[in-house]
Amino acid sequence: RPHGSDSKCQWSSLCSASMEIQLHGTLPSPITLWSMQHRSVWQILKSGKVYRPREEHCWPAVEEGPTAAPQDLRAQFARAYDWMAERLDHRDPRPDPSLRWPVWAYWSLGPSGMGKPDLRSLRQLEPGVMLELRVDAARVLLSDMDDWHGPLNDSFWGPGEPPFDEDRPTSSLSHRERTYVERAKRRSWRRCLAVNPRRFTQAVLWEIRPDDVVSHRFFKGHPLPTLS
């Protein structure tokens, strides 16, 4: 669906606003998101049912095979996803206590803007469906895709130097020191929640409802070449 003059005006006003648009509550509503999903998700929505992701079907839980990350690294990634889910829970309480991780989507593709993603550049490895969603902003948590590497890498992501020695092994820290380090890191991760539409921006929400869907488009996917 083409974006008209209203979208251009919205884009201009957002770009001239503070970088921390989400934290200051100036995000317009509803907003358009784009989510890449398995084709079975479209079948669920098409039948009139709400889609909520099951933990066993979410990355990093499903990553396996020769390209899988080591178990300790996967556990680190899972903690980052748990942190993002906790932040979303503060904004929009999860509809089911058993729901661990949210749905992921795109909001802005950086310099390309907030329009429809180009599947030629956002190459997907497997067949799926791209869903265009129109969602109440109160249900959505946005985050900067580059700054998201702070939580993913389990590292301090604040301005300046970290208030602790990053080279010191965690095993050598006392319980009090470990608690301090963990709190300092998690406070710094909130920087990824200050978003700017000029930068690549992702979104999370707990569920996709049938009436959220504006359009859908199937894609074939481009598997990685097999190494001989």
Side-chain angles (χ1 to χ4, degrees), residues 1-3 7 30-71 73-78 80-82 84-85 88 94-96 98-135 139-146 148-149 152 199-228:
R1 186 185 60 166
H3 289 254
S7 293
I31 61 175
T32 298
L33 305 176
W34 303 85
S35 186
M36 310 299 177
Q37 296 293 338
H38 192 277
R39 294 186 179 188
S40 62
V41 173
W42 168 242
Q43 295 302 321
I44 292 172
L45 295 166
K46 187 179 177 181
S47 70
K49 298 178 181 178
V50 172
Y51 168 69
R52 295 174 182 170
R54 295 169 57 183
E55 180 181 338
E56 62 268 26
H57 294 165
C58 294
W59 188 94
V62 299
E63 190 183 13
E64 56 187 17
T67 61
Q71 187 62 38
L73 188 58
R74 292 173 65 183
Q76 174 182 306
F77 291 162
Y81 278 71
D82 285 337
M84 185 67 80
L88 175 59
R94 64 190 78 200
D96 183 340
S98 67
L99 190 58
R100 182 177 182 184
W101 290 327
V103 176
W104 290 71
Y106 294 102
W107 178 59
S108 173
L109 298 175
S112 299
M114 293 182 286
K116 182 178 181 180
D118 185 348
L119 289 170
R120 292 170 298 181
S121 58
L122 292 176
R123 294 170 69 88
Q124 304 296 303
L125 300 181
E126 299 179 353
V129 61
M130 180 170 67
L131 301 174
E132 179 186 5
L133 309 175
R134 193 76 170 155
V135 181
R139 295 170 49 201
V140 177
L141 181 69
L142 301 178
S143 59
D144 186 280
M145 291 182 67
D146 288 335
W148 167 232
H149 286 85
L152 279 179
R199 294 168 59 85
F200 281 88
T201 306
Q202 58 194 4
V204 290
L205 65 165
W206 290 121
E207 61 188 14
I208 301 177
R209 304 166 186 170
D211 57 3
D212 292 335
V213 182
V214 176
S215 68
H216 71 284
R217 178 184 175 184
F218 294 114
F219 52 83
K220 295 181 180 179
H222 301 274
L224 294 173
T226 303
L227 298 178
S228 58

| With ring centroids as reference points, do Trp104 and Trp34 lie under 6.0 angstrom apart? | no
| message | Is the shortest side-chain heavy-atom distance between Leu45 and Asp212 below 4.5 Å? | response | no
| field | Euclidean distance, Met84 CE relative to Trp148 CH2, rounded to 0.5 Å | value | 4.5 Å
| request: List the steps, then state whether side chain to side chain contact (heavy atoms under 4.5 Å, CB included) holds for Ile31 with Val140. | output: CA-CA 9 Å; Ile31 61 175; Val140 177; 4.0 Å; yes
| task | Just grab all the salt bridge (Lys or Arg N to Asp or Glu O under 4.0 Å) pairs involving residues 44-53, residues at least two apart or on different chains. | result | Arg52-Glu207
| task | Measure from the side-chain N and O atoms of Arg39 to the backbone N and O of Phe219, and report whether any donor-acceptor pair falls under 3.5 Å. | result | yes
| query | Nearest 0.5 Å, what's the CG-OG distance between Leu88 and Ser143? | reply | 10.5 Å
| task | Please state whether the rings of Trp42 and His216 are parallel, tilted or perpendicular, taking 30° and 60° as the class boundaries. | result | parallel
| Which residue, Leu99, Val41, Ile208, forms the side chain to side chain contact (heavy atoms under 4.5 Å, CB included) with Pro53? | Leu99
| remark: By side-chain contact (heavy atoms from CB on, under 4.5 Å), Asp82 pairs with (sequence neighbours left out) Arg100, Trp101
| query | Taking C-beta and beyond as the side chain, do Glu132 and Arg217 meet within less than 4.5 Å on heavy atoms? | reply | no
| said: With a 3.5 Å distance limit and no angle check, can you tell me whether Thr201 reaches the backbone of Arg199 through a side-chain donor-acceptor pair? | reply: yes
| Gln76 to Leu152 - nearest heavy-atom pair and separation | NE2-O, 2.7 Å
| request: To the nearest 0.5 angstrom, please state how far the CG atom of Asp144 sits from the CD atom of Gln202. | output: 8.0 Å
| request: Would you confirm whether Arg139, through its side chain, and Leu205, through its main-chain N or O, come within 3.5 Å as a donor-acceptor pair? | output: no
| For the residue pair Leu133 and Val214, what are the closest heavy atoms and their distance? | C-CG2, 4.3 Å
| task | Rounded to the nearest 0.5 Å, what's the gap from CZ on Arg134 to OG on Ser215? Could you check? | result | 12.0 Å
| For the residue pair Phe200 and Trp107, is the inter-centroid distance of their aromatic rings smaller than 6.0 Å? | no
| query | Hey, what do you get for CD1 (Ile44) to OH (Tyr51), rounding to the nearest 0.5 Å? | reply | 7.0 Å
| message | As an exercise, state the distance from NZ of Lys116 to CG of Leu109, rounded to the nearest 0.5 Å. | response | 12.5 Å
| field | By ring-ring contact (aromatic ring centres under 6.0 Å, His included) - contacts of Trp206 (at least two apart) | value | none
